[in-house]
Number of protein chains: 2
Amino acid sequence: MTVSRGPGDKTGGDSLHGLVEERLRQAAQRYTSGRRALVDLLAQAGHPLSIEDIAEQAPRMPRSSAYRHLVDLQQAGVVRRVAANDGYFRFELAEDITEHHHHLVCTYCGQVLDVTPTPAFEQAMNSYLASLTGSSGFVSDDHRLDVLGACATCNRARSARRDQALPRATPQPAGRP
Amino acid sequence: MTVSRGPGDKTGGDSLHGLVEERLRQAAQRYTSGRRALVDLLAQAGHPLSIEDIAEQAPRMPRSSAYRHLVDLQQAGVVRRVAANDGYFRFELAEDITEHHHHLVCTYCGQVLDVTPTPAFEQAMNSYLASLTGSSGFVSDDHRLDVLGACATCNRARSARRDQALPRATPQPAGRP
DNA sequence: TATACACTGAGAACAAGTCTCAATCCAACT
DNA sequence: AGTTGGATTGAGACTTGTTCTCAGTGTATA
Ligand SMILES: [Mn+2]
Ligand SMILES: [Mn+2]
Ligand SMILES: [Zn+2]
Ligand SMILES: [Zn+2]
């Protein structure tokens with residue numbers, strides 16, 4: 001049985017753990033069972049995980065340890081921290097371990113999905129980024145594209161109702177009491 | 001003297017305040033001097049402001065009031081809250097008041113700049129978004145593109161040094177004591 | 001002027017994320 | 001096999017951006 005490790009699943013077999021171990025060694029860190037559990041979670045999720053997601057799927061891991069592991073894995077270049085629209089961080093494997101991808105953010109249920117861009121689009125993206133370097137003196141070395149909308153599930157729920165209104169989960173601020 | 005209101009400066013003259021007042025009225029809210037001051041700040045900044053930016057430029061406004069005004073203005077559709085890479089929110093005028101734009105995020109000093117995309121790129125973006133709708137059942141109604149890199153100022157500072165290392169402000173997690 | 005709400009400021013409350021510290025593990029030696 | 005020094009871990013205190021509470025003030029409208 002093969003397990004999907006994210007979009008594209010670049011690293012076949014178990015080279016993933018070897019690669020992670022090597023990067024940790026570079027940072028004088030050990031690849032312990034807690035860290036391995038986290039990497040497995042992130043690899044099998046295929047989309048960025050919140051600390052809540054992690055706590056659900058690894059109930060025995062203390063939150064302080066999870067946070068610290070994530071920091072260490074970031075510093076080793078294994079994990080990337082992404083700021084979602086709701087102000088909470090999500091965590092995913094670094095793109096050079098999985099593959100460059102974008103995010104579909106459902107503004108109703110808050111779920112974040114990975115999607116791999118078409119080569120044509122990335123080409124347009126690159127020429128656009130090149131044009132930015134010239135005009136403003138800004139030198140880009142990465143980009144992040146989030147597509148906001150309704151996922152398939154929430155879409156069905158919405159069209160099932162007469163009124164187009166569904167409770168939104170993500171961008172709505174707190175409001176007045 | 002004309003004041004830039006953001007990229008493109010869609011609303012000329014003082015129709016901005018009229019528009020804001022109208023949207024607040026729709027939400028049964030008044031356009032008071034504190035709220036007007038905030039709208040002026042956001043309009044003149046031309047890039048998303050942090051609560052710290054706001055406190056600096058409007059020292060007499062209490063933070064609790066600033067936050068509450070921002071919530072009210074969001075609910076009225078005047079302000080948009082953007083989650084920056086450092087985990088803190090920034091605030092800017094809604095895109096249908098200014099113009100659709102993207103963000104240049106400097107990963108060294110944390111500053112966020114607005115940039116208006118070329119029509120060619122937005123066209124590529126639209127066809128890309130259309131392709132997403134088909135495949136996964138996800139229906140997109142908005143997108144957010146953040147370009148990460150080094151702003152002109154930090155770029156100069158970086159090339160002035162022999163080593164390429166500058167202290168990063170944004171994505172670097174806290175580290176171990 | 002009276003009345004009913006909306007608005008405001010001060011500060012308490014909340015919670016995601018970070019830090020501290022004592023205990024434990026483990027790779028590298030003898 | 002035992003020692004040892006540094007890395008790792010769990011529990012909980014702490015920090016701080018953001019939200020909530022509440023009493024007092026402003027302001028439309030009649
Ligand atoms: Mn891309
Ligand atoms: Mn765009
Ligand atoms: Zn959804
Ligand atoms: Zn900069």
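Reminder, nothing fancy here: chain letters follow the sequence lines and each chain counts from 1.
- Looking at heavy-atom distances under 4.0 Å, B:Thr32 makes contact with sugar-phosphate atoms alone, never a base.
- The phosphate of C:dT18 (OP1 or OP2) has no side-chain N or O of A:Tyr67 nearer than 4.0 angstrom.
- Between A:Arg63 and D:dG10, a side-chain N or O to OP1/OP2 separation shorter than 4.0 Å is absent.
- Within the 4.0 Å cut-off from OP1 or OP2 of C:dT8, not a single side-chain nitrogen or oxygen of B:Ser65 is found.
- For D:dT8, neither phosphate oxygen OP1 nor OP2 lies less than 4.0 angstrom from any side-chain nitrogen or oxygen of A:His69.
- In this structure, a donor-acceptor pair under 3.5 Å is present between the side chains of B:His102 and A:Tyr128.
- For A:His47 and A:His101, the ring centers sit 6.0 Å or farther from each other.
- In this structure, A:Phe121 and B:Phe121 have tilted ring planes: the angle between them lies in the 30° to 60° band.
- Note: CG (A:Asp72) to P (C:dT18) measures 12 Å, nearest angstrom.
- Here the side chain of B:Pro62 is nearest to one of C:dA10, D:dT18, D:dT9, namely C:dA10.
- Atom CG of B:Asp86 is separated from atom C1' of C:dT18 by 16 Å (rounded to the nearest Å).
- Protein atom CZ of B:Arg35 is 16 Å distant from nucleotide atom P of D:dG26, rounded to whole Å.
- Residue B:Ala28 is the one, among B:Ala28 and B:Ser64, whose nearest nucleotide of DNA chain C lies closer to the 5' end (criterion: closest heavy atom).
- Remark: C1' of D:dA28 and CD of B:Glu21 are 13 Å apart, rounded to the nearest angstrom.
- Atom CZ in A:Arg25 sits roughly 13 Å away from atom P in D:dT8 (whole-Å rounding).
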Practice prompt. Start with the C-alpha distance between B:Arg90 and B:Glu52, add both sets of side-chain angles, then the distance that settles salt bridge (charged side-chain N to carboxylate O under 4.0 Å, His left out), and finish with yes or no.
Written response: CA-CA 9 Å; B:Arg90 315 277 162 121; B:Glu52 213 60 52; over 6 Å; no

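- Atom OH of B:Tyr88 and atom P of D:dT18 are 8 Å apart (whole Å).
- Taking 4.0 angstrom as the limit, B:Gln29 places none of its side-chain polar atoms (N or O) nearer than this to OP1 or OP2 of C:dA6.
- The distance between atom CZ of B:Arg30 and atom C1' of D:dT25, rounded to the nearest whole Å, is 11 Å.
- Counting atom types as modelled, A:Arg68 pairs a side-chain N or O with a base atom of D:dG10 as donor and acceptor under 3.5 Å.
- Taking only side-chain nitrogens and oxygens, B:Arg81 comes nearer than 4.0 Å to OP1 or OP2 of D:dT19.
- Counting only distance, with no hydrogens or angles, the side chain of B:Arg36 and the backbone of B:Tyr31 share no donor-acceptor pair below 3.5 Å.
- When rounded to the nearest whole Å, the span between OH of B:Tyr31 and P of C:dA6 equals 20 Å.
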